[in-house]
Amino acid sequence: DVKVTQSSRYLVKRTGEKVFLECVQDMDHENMFWYRQDPGLGLRLIYFSYDVKMKEKGDIPEGYSVSREKKERFSLILESASTNQTSMYLCASSLTVGSSPGANVLTFGAGSRLTVL
Amino acid sequence: KNEVEQSPQNLTAQEGEFITINCSYSVGISALHWLQQHPGGGIVSLFMLSSGKKKHGRLIATINIQEKHSSLHITASHPRDSAVYICAVRGIQGAQKLVFGQGTRLTINP
């Protein structure tokens with residue numbers, strides 16, 4: 001089974017701290033995604049990456065950056081955490097667009113619930 | 001107006017009932033996904049479809065491309081089906097990105 005592992009299930013940080021959320025997948029997926037999920041707003045895409053060292057902004061990239069130095073690892077960085085970044089963060093991965101049966105099906109990590117005080 | 005609308009937002013039913021969750025979208029799509037999220041956060045992909053119907057166990061997903069509408073059905077519902085069900089569409093352009101519905105919270109009582 002494809003596994004997407006997020007490093008922390010729960011984090012509590014203070015305003016202004018730098019926060020790293022790590023995500024690792026073990027099935028050689030090209031695409032990796034970071035979403036945040038908030039009540040009433042659903043899942044919103046922060047950033048995604050379709051290859052090593054490649055990244056594209058999603059719908060709400062402000063206040064975030066990402067790093068993909070290796071294919072299996074996609075990191076989300078909050079340079080200076082703020083209280084409005086308190087949220088559930090979900091990482092996902094998928095095979096690239098194509099005709100194989102598993103292409104485009106997202107596999108999600110368990111989520112990281114971040115609280116910024 | 002959201003690009004992806006789900007109804008109902010909340011649904012409570014008794015064990016054994018037939019469940020239908022609806023998803024309407026307003027953009028051209030290349031595929032539609034149904035996802036399940038249990039309490040605690042983990043999301044599982046149930047179906048990806050671009051036409052017709054798919055079935056997996058007690059779950060059935062249908063899509064009508066002309067009407068821009070999809071339904072997720074659960075037959076013989078069980079308390080373990082209690083979860084949030086999320087519809088998401090993949091656009092024709094920017095095909096890596098999904099647009100998500102708000103989710104439908106389903107509670108099945110024993």
Side-chain angles (χ1 to χ4, degrees), chain A residues 1-6 8-11 29-51 54-61 74 87-114, chain B residues 1-10 21 23-52 54-56 59 61 63 83-105:
Chain A
D1 279 354
V2 177
K3 202 177 253 186
V4 177
T5 304
Q6 294 184 228
S8 306
R9 288 300 309 274
Y10 301 95
L11 301 95
H29 282 180
E30 294 89 348
N31 307 309
M32 297 188 75
F33 307 81
W34 274 108
Y35 295 92
R36 65 177 281 177
Q37 186 179 31
D38 301 287
L41 297 176
L43 280 141
R44 294 179 292 168
L45 181 64
I46 305 171
Y47 268 98
F48 70 100
S49 168
Y50 51 89
D51 202 352
M54 305 303 286
K55 61 184 179 185
E56 285 204 24
K57 293 180 180 179
D59 300 315
I60 50 163
F74 192 36
S87 187
M88 169 70 91
Y89 290 88
L90 288 150
C91 175
S93 71
S94 71
L95 287 170
T96 199
V97 175
S99 58
S100 64
N104 303 325
V105 175
L106 285 174
T107 300
F108 284 85
S112 298
R113 188 168 292 281
L114 171 67
Chain B
K1 187 178 187 301
N2 293 330
E3 289 183 358
V4 181
E5 295 273 358
Q6 287 185 236
S7 63
Q9 289 189 340
N10 294 282
I21 299 170
C23 176
S24 297
Y25 53 92
S26 58
V27 296
I29 67 168
S30 57
L32 182 142
H33 298 249
W34 281 102
L35 309 165
Q36 179 192 57
Q37 185 174 29
H38 279 285
I43 296 178
V44 174
S45 182
L46 297 175
F47 296 104
M48 181 180 71
L49 64 165
S50 54
S51 65
K54 285 190 175 180
K55 184 175 189 290
H56 182 70
L59 300 177
I63 188 168
V84 175
Y85 292 84
I86 303 169
C87 170
V89 299
R90 184 179 303 278
I92 296 168
Q93 293 177 341
Q96 297 301 337
K97 294 170 66 171
L98 293 179
V99 178
F100 292 84
Q102 300 291 323
T104 295
R105 184 174 298 278

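Everything numeric in this text was worked out from a predicted model, so none of it was measured. In what follows, every chain begins at residue 1, and chains take the letters A, B, ... in the order their sequences are listed.
The contact between L41(A) and chain B is made entirely by backbone atoms, counting heavy-atom distances below 4.5 Å. R9(A) touches chain B through its side chain: at least one heavy atom from C-beta onward sits under 4.5 Å away, while N, CA, C and O do not.
V84(B) and G103(B) make their closest contact through CG1-CA, 4.0 Å (heavy atoms, listed as atom of the first residue, atom of the second, distance).
W34(A) pairs by the side-chain hydrogen bond (donor to acceptor under 3.5 Å, both in side chains) definition with nothing, not counting sequence neighbours. Taking Q37(B) as the reference, Q37(A) meet the side-chain hydrogen bond (donor to acceptor under 3.5 Å, both in side chains) condition, with sequence neighbours excluded.
No more than 12 heavy-atom neighbours from other residues, nucleotides or ligands sit within 6.0 angstrom of CZ on R105(B).
Chosen from G58(A), G40(A), P39(A), G109(A), the residue pairing most often with chain B at heavy-atom distances under 4.5 Å is G40(A).
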